[in-house]
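Step one of this worksheet: look at the structure below.
Along the sequence shown, residues carry numbers from 1.
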Amino acid sequence: MSENEKYDDLDKSIGRLKRAAIDAYVRDKIGGGAESFTRNKDGYEMVFSGTTMGIGRPGPDGEGGGTGFKTSTYNSGPNYGGGSSTSELDYTKELNSVRRKIEDIVEPWRKLPNPETIDRVLSGCRGAVSHLSISLGSEGKGVAGGILETKLNSVHEQLAHMSGNTVNAFRSNVIESLQHVIGGLSAASTYWTAALGYEHGIFKKARESVVDIIEKGIESFEAVAKQSVKSKLSTVVAIGKLAKEGFSLIPGSEAVSTIVKTLQLGLETLSGLADTKEVSQTSGSYDDALSSLTKAFSQLNETITTAEKAVEKNLIDNMDEMRKRKSSYDLKLAAAKSSDVSTSERLNIDQSRVVDILTRSKPKIIDELNSAWHEIQSVHMTTCVSRPGKIGIGINGPSSKFHDMKWLIHDLIEELTKETEYAFKDFEIAVELIEQGDSASKTKLEEMEQKIKDGSGLRPWQDRSIEKEMRDKEKQEQEKKKQDPGKNNQGNGKK
């Protein structure tokens, strides 16, 4: 049985834990001073001086038990002999109290995020980011990879066989800049995707740790029930190690790490997170074992919280670094000016190569960029990392910051797609003007110049965080109250 399957079978383990805790409680709290104590499948029997008690034991699911009997023997003196009396016992209330305590401890841990569900979202995320796949260019610099790399290289090669101001400007200002910007966006997208990889690692190990803590808890209570020598058991929680390994779940992450350093993009993986932590449990008494179980889960939660805070900080820091280096992610187009385009460049233009650029390479480049931002739009972390609010940094984990970075990358790619379309259209019209030299072509180029100057209308660098939305909403409500103060006093007048 896999670790994930063991977690899915947690109810059985919790039933066994409740039964073990009740075993320990009965032995320690009820039968602590007994001259003899026997435990069997169905019940407990304990003998005190002049008294024998029998109490029903819970089943393997931890339910039931608690009712029983008490037999007292007495001696009436030498003339009358002895006798005994039997009465009913009911410790159901006490056993229910033990069950409730165990349930209160384990309840938040029943519904941790499923790594398999996270992996499905991660798969969609990887697919979206793959459209921007990155490879090492000259001097270790990141350039577009995959289909984008092939097509941009093809355009670059076709342009190299032509010359003139228009061709040279398009090659350096658009194609080479596109390669650089797509490389930056690919790196940023990979680090964004890694947040899902981190969460996958965190909860893969968290689930394993929950199962192990419960098993060790059963052993601790069992030691109390058997009056064994006080033991110390521990669970090694490797959440930090697995969280950091989450980055390796992303294809090309190794190349991205190298490129990030070369381009000085400022993006980072998790750092300063302890690989492992030992969570101990002891069994000196029922109270000791219960306290140790509580502490073990508390320490596990602290470890998850520390890891998730690191993931959240990583997302925040990476967005901040992106804003400091906007040119690595944001293409700034300079339109071809009609005054700079001359028919004298005609001899340097190869129409067959221009047609190849516009009909074979351009559509593929636009398709890949369009696919990237459309697929990123469909990626959602919130549901797959949802858990009880007491676990980690809250019910939705680092989803808020994950989605802030998602929309930043999404808008940058959407804007880049529009700008790339504008750039190719600008080049097409400029070549048309070179070839024809007519006023209609000149007018079209001037209109395109204005369109590029106006921009895409998108604002990728805006603050789209939930906190910002809440602040804006609160500000709007305050402004509304200022504008219409009488509304707040309605109903306060005398009737």
Review point. Can you list the steps and then say if Glu312 with Ile316 is a side chain to side chain contact (heavy atoms under 4.5 Å, CB included)?
Key: CA-CA 6 Å; Glu312 187 174 62; Ile316 294 168; 4.2 Å; yes
**Study point:** side chain to side chain contact (heavy atoms under 4.5 Å, CB included) assessment of Ile102 paired with Leu293
**Key:** CA-CA 9 Å; Ile102 296 297; Leu293 182 71; 3.9 Å; yes
Revision key, fill the gap. Shortest non-hydrogen pair, Ala430 vs Val341, comes out as O-CG1, 3.7 Å
Point to revise | Gln158 side chain vs Asp356 backbone, donor-acceptor pair below 3.5 Å | key: no
Point to revise | Partner of Phe402 under side chain to side chain contact (heavy atoms under 4.5 Å, CB included), chosen from Thr193, Val385, Leu196 | key: Leu196
**Study point:** Electrostatic pair Asp104:Arg100 at N-O distance under 4.0 angstrom
**Key:** no
Review point. Pick from Val211, Asp212, Ile218: which one makes a side chain to side chain contact (heavy atoms under 4.5 Å, CB included) with Ile214?
Key: Ile218
Point to revise | salt bridge (charged side-chain N to carboxylate O under 4.0 Å, His left out) between Lys418 and Glu421, worked out | key: CA-CA 5 Å; Lys418 288 182 181 294; Glu421 287 184 290; 5.8 Å; no
Point to revise | Ile366 CD1 to Glu368 CD distance, which is reported to the nearest 0.5 Å | key: 11.0 Å
Exercise for review: In plain terms, say whether Asp330 and Lys332 are close enough for a salt bridge, that is, a side-chain N and a carboxylate O under 4.0 Å apart.
Suggested key: yes
Review point. Taking side chain as C-beta onward, heavy atoms only, is Phe424 less than 4.5 Å from Ile365?
Key: yes
Exercise for review: Taking Asn318 for its side chain and Asn314 for its backbone only, find out whether a donor-acceptor pair lies under 3.5 Å.
Suggested key: yes
Study note, to complete from the structure: In terms of heavy-atom contacts, Leu333 and Ala423 come closest through CD2-CB, 3.7 Å
Check your understanding: Taking atom CD of Glu375 and atom OG of Ser378, what is their separation to the nearest 0.5 Å?
Key -> 7.5 Å
Practice item. Step by step, work out the side chain to side chain contact (heavy atoms under 4.5 Å, CB included) result for His374 and Glu414. Key: CA-CA 8 Å; His374 274 111; Glu414 185 180 4; over 6 Å; no
**Study point:** Pair Glu321 + Arg325, salt bridge at N-O below 4.0 Å
**Key:** yes
Check your understanding: Is the shortest distance from a Lys or Arg side-chain nitrogen in Glu446 or Lys442 to a carboxylate oxygen in the other one below 4.0 Å?
Key -> yes
Review point. Any chance the side chains of Trp373 and Asn370 put a donor and an acceptor closer than 3.5 Å?
Key: yes
Check your understanding: Does the salt bridge (charged side-chain N to carboxylate O under 4.0 Å, His left out) test come out yes or no for Glu308 and Lys401, once each step is laid out?
Key -> CA-CA 11 Å; Glu308 286 204 307; Lys401 297 307 172 189; over 6 Å; no
**Study point:** salt bridge (charged side-chain N to carboxylate O under 4.0 Å, His left out) between Glu447 and Lys444, intermediate numbers included
**Key:** CA-CA 5 Å; Glu447 287 172 352; Lys444 279 199 287 185; over 6 Å; no
Point to revise | Which atom of Lys390 lies closest to which atom of Pro108, heavy atoms considered | key: CD-CG, 4.4 Å
Review point. Between the side chain of His156 and the main-chain N/O of Arg171, is any donor-acceptor distance below 3.5 Å?
Key: no
Practice item. Quick one: closest heavy-atom pair of Glu345 and Gly164, and the distance? Key: OE1-C, 3.5 Å
Check your understanding: Is any side-chain heavy atom of Glu428 less than 4.5 Å from a side-chain heavy atom of Ile357?
Key -> no
Review point. Gln462 side chain to Arg459 main-chain N or O, any donor-acceptor pair under 3.5 Å?
Key: yes
Exercise for review: Would you check if the side chain of Ser186 reaches a backbone N or O of Ile182 as a donor-acceptor pair within less than 3.5 Å?
Suggested key: no
Point to revise | Salt-bridge present (Glu103, Arg110; N to O < 4.0 Å) | key: yes
Exercise for review: Would you check if the side chain of Thr420 reaches a backbone N or O of Leu416 as a donor-acceptor pair within less than 3.5 Å?
Suggested key: yes
**Study point:** Neighbour count >12 (heavy atoms, 6.0 Å) for atom NZ, Lys295
**Key:** no
Practice item. Starting from the C-alpha separation in whole Å, work towards a yes-or-no answer on side chain to side chain contact (heavy atoms under 4.5 Å, CB included) for Gln351 and Val431. Key: CA-CA 9 Å; Gln351 274 298 330; Val431 170; 3.5 Å; yes
Check your understanding: For the side chain of Thr443 and the backbone of Ser439, is there at least one donor-acceptor N/O pair under 3.5 Å apart?
Key -> yes
Exercise for review: Determine, stepwise, if the pair Ser441 / Asp438 fulfils side-chain hydrogen bond (donor to acceptor under 3.5 Å, both in side chains).
Suggested key: CA-CA 6 Å; Ser441 298; Asp438 60 350; 2.5 Å; yes
Exercise for review: Considering non-hydrogen atoms only, spot the tightest contact between Lys111 and Tyr7 and give its length.
Suggested key: N-OH, 3.4 Å
Review point. When rounded to the nearest 0.5 angstrom, what is the spacing between CE in Met381 and CD1 in Ile118?
Key: 8.0 Å
Point to revise | Arg353 side-chain N/O to Ala160 backbone N/O, donor-acceptor pair under 3.5 Å | key: no
Review point. Is there a donor-acceptor pair closer than 3.5 Å between any side-chain N or O of Ser189 and the backbone N or O of Leu185?
Key: yes
Practice item. Could you check if a side-chain atom of Leu433 sits within less than 4.5 angstrom of a side-chain atom of Thr343, using non-hydrogen atoms only? Key: no
Check your understanding: Can you say whether the rings of Phe170 and Phe427 are parallel (under 30°), tilted (30 to 60°) or perpendicular (over 60°)?
Key -> parallel
Practice item. Answer with yes or no whether the side chains of Asn153 and Gln179 bring together a donor and an acceptor at under 3.5 Å. Key: yes
**Study point:** Main-chain N/O of Leu290 paired with Thr294 side-chain donor or acceptor, under 3.5 Å
**Key:** yes
Practice item. Return the minimal non-hydrogen interatomic distance between Ala188 and Tyr329, and the atom names on each side. Key: CB-CE2, 3.9 Å
Check your understanding: Can we say Lys205 and Glu208 salt-bridge, meaning some charged N sits less than 4.0 Å from an Asp/Glu carboxylate O?
Key -> yes
Check your understanding: Is it the case that more than 12 heavy atoms not belonging to Glu63 sit under 6.0 Å from its CD atom?
Key -> yes
Check your understanding: Do Lys337 and Glu449 come close enough that some side-chain heavy atom pair is under 4.5 Å?
Key -> yes
Practice item. Tell me, please, whether Trp192 has Lys406 positioned over its six-membered ring: NZ or CZ under 6.0 Å from the ring centre and within 45 degrees of its axis? Key: no
Review point. Are Asp61 and Lys18 ion-paired here, with the side-chain N under 4.0 Å from a carboxylate O?
Key: no
